[in-house]
> 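Pasting in a structure now, in structure tokens, and then I'll have a few things to ask.
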Amino acid sequence: MSHVPKRAAQRVRLDLNSPEFREVFLRLEGADLAQVAGSLDRIRKLDWSNVYASKGLRWEAIDHLKAPDGQSTVYSVRLSQKIRGLAFRDGEFLRFISLHPDHDSAYG
Amino acid sequence: MRCASSCNYAPPWLELSRAFAAQGKDDRARAESRPPASCYPAIMHPEIKRVGQSGQISIGRELAGKLLRLEQLEGGRLLLTPVVDVPESQLWTLREPHKARIERGLAWAAATPAKETDVADVVARAKRRKKR
């Protein structure tokens, strides 16, 4: 994990409204859906002081991408064994922009 | 009309300048219709740099730490292009269909204010969709 910003403790508010996120999420099957939903629920209960340290999410800064503000880091977050999400911090929100199964044939 | 630096590139804006010049509408446009010294739009005045004994030149503090691709062109010219290096574990973000999804997701986020989602509601919708 790198480039983790240090800001005051604040509950993480999830923004999952991106059509790119929804399109894949709504097509997830049984175990994948359960795992992704579980990870999102776990993130929702965390605050910003410990979300990056949460085990299993494997935060990875994607340095070649920048959030719309041109500065904030975009992170890859492991939401299940097979599925990653891309997200960035926007104030108290964690905004997921897209959801990416490792093998796209199932949900691509 | 081609670039005078012999790279054989015809900048599209030259056609417009030439058309204005042909109509005698604008002296400046007429001047611009001459072949440019280089087809690369310059944003700084040329500077002369001497290469040091170890083969180094200084190109300014604002570029410190940047990764640059160096190409040697015809006529001994050198072209420096800023590039980024991407870890192997992140190459998937540059491949389709992921790349297009990410671009669309970022464009959507740029145009849409953040709004909290009820996770339970979204999960319930996904489950209902499965039952249909």
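By convention in this document, chain letters (A, B, ...) are assigned in the order of the sequence lines, proteins followed by strands, and residues within each chain are numbered from 1. The figures that follow rest on heavy atoms only: side chains count, while hydrogens, waters and symmetry mates do not.
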> For Asp47(A), enumerate each residue passing the side-chain hydrogen bond (donor to acceptor under 3.5 Å, both in side chains) test, keeping only those at least two apart in sequence or located in another chain.
Ser49(A)
> Between Asp15(A) and Glu116(B) (side chain of the first, backbone of the second, donor and acceptor by atom type, cut-off under 3.5 Å), is there such a pair?
no
> Give a yes or no on this: more than 12 heavy atoms of other residues, nucleotides or ligands lie within 6.0 Å of atom NZ of Lys99(B).
no
> Using a strict cut-off of less than 4.0 Å between a Lys/Arg side-chain nitrogen and an Asp/Glu carboxylate oxygen, indicate whether Asp90(A) and Arg13(A) qualify as a salt bridge.
no
> Could you tell me whether Arg11(A) sits above the aromatic face of Trp48(A), with NZ or CZ closer than 6.0 angstrom to the six-membered ring centre and within 45 degrees of the axis?
no
> Highest number of heavy-atom pairs under 4.5 Å with chain B: which of Leu65(A), Ile62(A), Leu40(A)?
Ile62(A)
> Between Ser54(A) and Arg42(A), do the side chains contain a donor N or O and an acceptor N or O under 3.5 Å apart?
yes
> Please state whether the side chain, the backbone, both or neither of Phe21(A) comes within less than 4.5 Å of a heavy atom of chain B.
neither
> At a heavy-atom separation under 4.5 Å, does Ser76(A) approach chain B through its side chain, its backbone, both, or neither?
side chain
> Is the distance between the ring centroids of Tyr75(A) and Tyr52(A) under 6.0 Å?
yes
> Which pair of non-hydrogen atoms, one from Pro101(A) and one from Ile83(A), has the smallest distance, and what is that distance?
CA-CG1, 3.9 Å
> Using only atom types and a distance under 3.5 Å, with no angle test, would you say the side chain of Gln72(B) pairs donor to acceptor with the backbone of Gly76(B)?
no
> So, does Gln35(A) use its side chain to make a donor-acceptor pair with the main chain of Gln81(A) at under 3.5 Å?
yes
> Give, as side chain, backbone, both or neither, the part of Leu99(A) having an atom under 4.5 angstrom from any heavy atom of chain B.
backbone
> Applying a criterion of heavy atom separation less than 4.5 Å, what residues of residues 82-95 of chain B form contacts with chain A?
Val84(B), Val86(B), Ser89(B), Gln90(B), Trp92(B), Thr93(B), Leu94(B)
> Output the residues of residues 52-70 of chain B for which the shortest heavy-atom distance to chain A is under 4.5 Å, in residue-number order; output 'none' if no such residue exists.
none
> Yes or no on salt bridge (Lys or Arg N to Asp or Glu O under 4.0 Å) for Arg89(A) and Asp69(A), after CA distance, side-chain angles and deciding distance?
CA-CA 10 Å; Arg89(A) 182 175 182 177; Asp69(A) 66 3; over 6 Å; no
> Between Ala67(A) and Val74(A), which heavy-atom pair has the shortest distance, and what is it?
N-CG2, 3.6 Å
> Indicate yes or no for a side-chain donor-acceptor contact from Thr117(B) to the backbone of Val119(B) under 3.5 Å, with no hydrogens or angles considered.
no
> Spell out, as yes or no, whether a donor-acceptor pair under 3.5 Å connects the side chain of Asp118(B) to the backbone of Asp121(B).
yes
> Counting only non-hydrogen atoms closer than 4.5 Å, does Leu86(A) touch chain B with its backbone (N, CA, C, O), its side chain (CB onward), both, or neither?
side chain
> Mind checking which of residues 102-112 of chain B sit less than 4.5 Å from chain A, heavy atom to heavy atom?
Ile102(B), Arg104(B), Gly105(B), Leu106(B), Trp108(B), Ala109(B), Ala110(B), Thr112(B)
> For Arg22(A) versus Val122(B), what's the shortest heavy-atom pair and its separation?
NH2-CG2, 3.6 Å
